[in-house]
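Inspection log for the structure reproduced underneath, given as structure tokens.
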Amino acid sequence: EGVVAAGAGSGKISELSEALPLQYKRAQNIRYERNASAISDAGLLGAPIISGRYIVPFLNGRTLDGEPGGFLFGGAAQEPQDGGLEGDFRTEPDLEGAMAIVHRALVALYAPLDTDAWIPVGASCGIKAAPPRSSIGQIPYAGRMRGVEHAGEQSWLFAGLGSRGLIHHSVVAERLVAA
């Protein structure tokens, strides 16, 4: 038996592109570096904040200049992608665009982001593929694929985790293996 485990590229697999109603979104995070002269260690964010948006501290890191300090990742600036993967999907990060979409919401979670204590220095970008939202949320696809075989064996599907792939992949994989 084979397992198809796919993220945003699942729409490029011909057997899946018609069968899976996935929604593609470009998501960006903003990297803020600590301005050590403007904020003391006592004023650092000690734990992640998650409330629709998120801010995650990395306090033992180094700045882009190599100086000791910390940084925060905040996000995500999500942009629906019309046309799926065939549309004009920009995968390069765009700090100015991410700031315009999500910075104010992040400031509402952690006001020091609107001061000189934290400096926005970069963005990262990724493409996520998620199933349509239902009354119980966005449920990933995991199970047997009817009518799809690989090398004469039944195939299994594991896709559509959206932005939750990092935290839910192992739980869904365990359940798929146990099926």
- [ ] Tell me, please, which residues at least two apart from Phe158 pass ring-ring contact (aromatic ring centres under 6.0 Å, His included).
- [x] none

Open item on the list: Using a 3.5 Å distance criterion without hydrogens, assess whether the side chain of Gln28 forms a donor-acceptor pair with backbone atoms of Cys125.
Closed with: no

Task: Reported CD1-to-CG distance for the pair Ile55 and Leu106, which is rounded to 0.5 angstrom - done: 5.0 Å

Open item on the list: Let me confirm one number: the CD1-CZ distance from Ile139 to Arg133, rounded to the nearest 0.5 Å.
Closed with: 9.5 Å

- [ ] Give the C-alpha distance, both sets of side-chain angles, the deciding distance and a yes or no for side-chain contact (heavy atoms from CB on, under 4.5 Å) between Asp94 and Met99.
- [x] CA-CA 9 Å; Asp94 171 19; Met99 291 289 290; over 6 Å; no

TODO: Report yes if the side chains of Phe71 and Val121 come closer than 4.5 Å at any heavy-atom pair, otherwise no.
DONE: no

Open item on the list: I need the minimum non-hydrogen distance between Pro132 and Gln23, along with the two atoms involved.
Closed with: CA-NE2, 3.7 Å

Task: Nearest heavy atoms of Val172 and Ala142, plus distance in Å - done: CG1-CB, 3.7 Å

Task: CG on Asn35 to CG on Asp116, rounded to 0.5 Å - done: 5.5 Å

Open item on the list: What's the separation between atom CD1 in Ile30 and atom CG in Leu113, rounded to the nearest 0.5 Å?
Closed with: 8.5 Å

TODO: Identify the heavy atoms of Ala117 and Pro112 that sit nearest to each other, and give their distance.
DONE: CB-O, 4.3 Å

Task: Closest non-hydrogen atom pair, Pro131 against Tyr141 - done: CB-OH, 3.5 Å

- [ ] Examine distances only and state if a side-chain atom of Arg53 and a backbone atom of Ala76 form a donor-acceptor pair shorter than 3.5 Å.
- [x] yes

Task: Residue pair Pro57 / Leu72: nearest heavy atoms and the distance that separates them - done: CA-CD2, 3.4 Å

Open item on the list: How long is the straight-line distance from NZ of Lys128 back to CG of Leu161, given to the nearest 0.5 Å?
Closed with: 11.5 Å

Task: Distance, nearest 0.5 Å, that separates CH2 of Trp118 from CZ of Arg34 - done: 6.5 Å

Task: Backbone of Phe73 reached by a side-chain donor or acceptor of Asn29 within 3.5 Å - done: no

TODO: Please report the closest heavy-atom contact between Tyr110 and Ile49, naming both atoms and the distance.
DONE: CB-CD1, 4.2 Å

Task: Note, Pro48 side chain near Tyr54 side chain (heavy atom, < 4.5 Å) - done: no

